[in-house]
2 protein chains.
Amino acid sequence: MKATVYVTIKQSVLDPQGNAVQGALHSMGFEEVGKVRVGKYLELELDTTDRAEAETRLTAMCEKLLANTVIEDYRFELN
Amino acid sequence: MKATVYVTIKQSVLDPQGNAVQGALHSMGFEEVGKVRVGKYLELELDTTDRAEAETRLTAMCEKLLANTVIEDYRFELN
């Protein structure tokens, strides 16, 4: 089973990396760019066929390692 | 218009960050985790209504700044 995990910075938290990217794009002439937020994108191969079990385990992985839940949100897709 | 950009390391390129995540997950007891690939995920607000123009501009942003096309692939969604 393949899992895709998206980790994003919470809306209430400043994103200096996003601001830097926005500034760089502006200075390159891409004036139409408004707010930029940068997150992480992970693809994991899981050696399991039980979808419910995989969801439980993935939630644990996100809570314990992949996301810092103080400042980040996460979501995942299984396919 | 809102754009979502996914930047991933090409399949032929080693991903040490992904390997580190895989190792950490294994050591935490998530033995079912196989290959892990880590990429970037960007959300951009674009001050434009022309979809075709936005696609052209986004392609330029990815080629010039957001992705290192020597080692990374990118794709984006507009909505």
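Values below: every heavy atom of this structure, side chains too, minus hydrogens, waters and symmetry copies. In what follows, chains carry the letters A, B, and so on, assigned in the order in which the sequence lines appear, proteins first and then strands, with residues in each chain numbered from 1.
Of the listed residues (A:Lys35, A:Lys40, A:Met1), the one with the most heavy-atom contacts under 4.5 Å to chain B is A:Lys35. For the options B:Gly18, B:Ala24, B:Gly34, heavy-atom pairs under 4.5 Å to chain A are most numerous at B:Gly34.
The contact between A:Met28 and chain B is made entirely by side chain atoms (from C-beta outward), counting heavy-atom distances below 4.5 Å. With a 4.5 angstrom heavy-atom cutoff, A:Glu31 touches chain B only via backbone atoms. With a 4.5 angstrom heavy-atom cutoff, B:Tyr6 touches chain A only via side-chain atoms. Residue contact with chain A, scored on non-hydrogen atoms closer than 4.5 Å, is absent for B:Ala3. Using a 4.5 Å cut-off between heavy atoms, B:Lys2 does not touch chain A at all.
Heavy-atom proximity under 4.5 angstrom to chain B picks out A:Arg75 from residues 67-79 of chain A.
A side-chain contact (heavy atoms from CB on, under 4.5 Å) with A:Leu25 is found for one member of B:Met61, B:Arg57, B:Lys64 and no other, namely B:Met61.
Under a hydrophobic-cluster definition in which Ile, Leu, Val, Met, Phe, Trp and Tyr are linked whenever side-chain heavy atoms come within less than 4.5 Å, directly or via other members, B:Val7 and A:Val33 are assigned to the same cluster. One hydrophobic cluster, built from ILVMFWY side chains closer than 4.5 Å, holds both A:Leu58 and B:Val36. Using a 4.5 Å cut-off between side-chain heavy atoms of Ile, Leu, Val, Met, Phe, Trp and Tyr, with links allowed through other members, A:Leu46 and A:Leu65 fall into the same hydrophobic cluster. Placement of A:Val21 and B:Tyr41 in two distinct hydrophobic clusters is found when ILVMFWY residues are connected by side-chain heavy-atom separations under 4.5 Å, directly or transitively.
Taken to the nearest 0.5 Å, the CG atom of A:Leu44 stands 9.5 Å off from the CD atom of B:Glu32. A:Glu43 contributes atom CD, which lies 10.5 Å from atom CD1 of B:Ile9 (distance to the nearest 0.5 angstrom).
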